[in-house]
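Below: one structure, written as structure tokens.
Each chain gets a letter, A, B and so on, in the order its sequence line appears, and its residues count up from 1. What you see is a predicted model, and the numbers here were worked out from it, not measured in a lab.
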Amino acid sequence: MPYPANFRFTPEHEWVAVDGTQAKVGITDYAQKQLGDIVFVELPAVGAELVAGQAFGTVESVKAVSEIFAPVSGTVSAINSALVQSPELLNSDPHGAAWMVEVKVAGKANDKLMDAAAYEKFVAEEEASH
Amino acid sequence: MSDATISMSGSHPAPAPARRTALNAIHRQLGGKMVAFGGWDMPVEYSGITAEHRAVRERAGLFDVSHMGEISVRGPEALDLVQHVTSNDASKLSFDQAQYSGLMTAQGTFVDDLLVHKFTDDHYWLVVNAANCEKDFNYICQQNHFDAEVVNTSDGYSQLAIQGPAAIKVLQPLTSVALAPIKYYWFTTGKVLGVECIIARTGYTGEDGFELYFDPEHSEKVWNGLMEAGAGVGMLPCGLGARNTLRMEAGMALYGHEIDDATTPLEAGLGWITKLAKPDFLGKTAIAAQAASGLQRKLVGFEMIEPGIGRDGYPLLRAGKPVGQVTSGGPAPALNKNIGMAYVPMGMSAPGEEFDIQIRNRTARAKLIPLPFYKRAK
């Protein structure tokens, strides 16, 4: 699955798509493959404050619980309730229908974010180390 | 993303380098996701735990469980040694019959759980958990005050489990041994794909199926032959992830979770493998005393009735206070709900009792339901 050119990525395998002051956040295809079948998603409430680099939600696969870290700081303006109903969307469409939260961005974005080319290289290195 | 807890059951920090079964390269070729388990490098899943789990419930699945340990006990007093260290009554076994049992401490707790196979009056063969094999072997040797020889034969065997309602259909064309007459928990020996095997009608999934033990040298031949034969029924290669969800649905104990050296068989609902009428076995006095004085706690099954997954180690709360702990918990792929097992005080152990399970910084409600969660139609 290609990594969209307009996304930026964290080393912890979250993505963020910024559009003006709004940003959508999710986890990457590589992340969902590592997790396996996803069965439960816990998201913050609308209005919650996200701090870049801090955990804001959890994703549970059959065998593991993983925390999800915010790629940007800001206020949650929407959550994907369809994803809460159907967590398996994270396996089938991680970069699209399985977006997790929408954030009104405050302050500067995390400067450790990678573009798609850099993230692909990063993932290839992770895979080689396994 | 970061793993907050990995609840892959039975995982132990693997002392590097992890041991590999004879099928390691095949697991990697098949895209198996490899993890450290009990000191071994094992596939946790191939196509996905849910798909693999359903394949076993509906059709068939093939597991490499060659990490399991095998210990032989031979000699004129082989039975006396087996009887001394295990809780079940091995004197009741016929030739070619197996039984589930407990390897017990003098305190009546578990060193391990195991399968005892009887070949002849002076030859018993024990199948034990991979992570416990060395410990078990040393323990049995220590307790061997009998005219019996104990040998760790683990390196001499690969073990494959073919499980599911279609397992017999897949396996039968590959052997001249008539499989249908082999009853559940009986075994025989014979050739499968030309390879001499112990063929046991046993398993750890709650389904019908067979476990094959044979010389590791033939591992790829047997694996590939079974995979080819299973393609027609939609058999899938299955990893330890599905093995865990299947045994959990079937309400079967896993060492280090439901049972360990701090739990007794009575607490774990394993009174049926604890034969207090036997003249002697390690832990009998302690277990008999517990039977007489009554249990303080008991293993129960629960289902989540609010969104959330009560996982291994999570506390069960009553009025905000911890009263018990989850031993194994997670989604039940064939039942479409989140289930688990837990120890709770006797007075709160009846089906229908409700608890809050502490899930990180929140709680979710769970209700006790009878074990096992899943029972196959006979």
Side-chain angles (χ1 to χ4, degrees), chain A residues 9-16 25-45 48 53-71 81 83-88 90-92 94 98 100 119 122-123 126-130, chain B residues 1-11 28 31-37 41 43-54 238-246 248-249 304 306-314 328-339 359-362 364:
Chain A
F9 303 88
T10 70
E12 290 85 26
H13 308 290
E14 292 89 10
W15 59 258
V16 57
V25 174
I27 65 170
T28 68
D29 185 48
Y30 177 80
Q32 69 82 14
K33 277 189 195 142
Q34 292 303 306
L35 291 167
D37 298 334
I38 290 162
V39 294
F40 197 78
V41 176
E42 208 167 56
L43 299 176
Q54 293 195 5
F56 73 90
T58 52
V59 167
E60 300 197 32
S61 68
V62 175
K63 64 182 190 296
V65 181
S66 297
E67 290 192 304
I68 308 303
F69 300 101
S81 46
L83 178 62
V84 174
Q85 289 304 309
S86 306
E88 66 277 7
L90 272 171
N91 292 118
S92 57
M100 298 175 83
Y119 181 69
F122 179 75
V123 163
E126 292 242 320
E127 274 175 338
S129 73
H130 279 295
Chain B
M1 169 192 98
S2 87
D3 287 349
T5 61
I6 297 286
S7 69
M8 180 57 228
S9 298
S11 294
R28 289 167 183 274
K33 202 179 287 174
M34 308 302 286
V35 297
F37 181 86
D41 183 50
V44 64
E45 60 178 302
Y46 305 83
S47 51
I49 295 174
T50 309
E52 292 166 29
H53 182 112
R54 293 202 171 121
C238 298
L240 295 179
R243 185 168 159 85
N244 188 50
T245 52
L246 286 159
M248 199 166 68
E249 271 186 0
M304 301 302 303
E306 283 179 350
I309 302 174
R311 292 184 185 267
D312 316 16
Y314 291 5
S328 298
L335 305 175
N336 285 315
K337 54 189 179 188
N338 296 320
I339 59 166
I359 301 177
R360 299 179 290 280
N361 56 0
R362 66 186 185 95

What heavy-atom pair brings B:Pro333 and B:Thr50 nearest, and what distance separates the two atoms? CB-CG2, 4.1 Å

Exercise: do B:Glu249 and B:His53 side chains pair donor with acceptor under 3.5 Å: yes

Proximity breakdown for A:Thr58 and chain B, heavy-atom pairs closer than 4.5 Å: side chain

So which part of B:Thr245 gets closer than 4.5 Å to some heavy atom of chain A, the side chain, the backbone, both or neither? side chain

Quick one: what part of B:Pro307 sits under 4.5 Å from any heavy atom of chain A, side chain, backbone, both or neither? both

Interface check, chain A: of B:Arg362, B:Glu45, B:Met34, most non-hydrogen pairs under 4.5 Å belong to B:Arg362

For B:Ile309 versus B:Gly330, what's the shortest heavy-atom pair and its separation? CG2-CA, 3.6 Å

From A:Tyr30, A:Tyr119, A:Phe69, residue fulfilling ring pair (Phe, Tyr, Trp, His ring centres under 6.0 Å) relative to A:Phe9: A:Tyr119

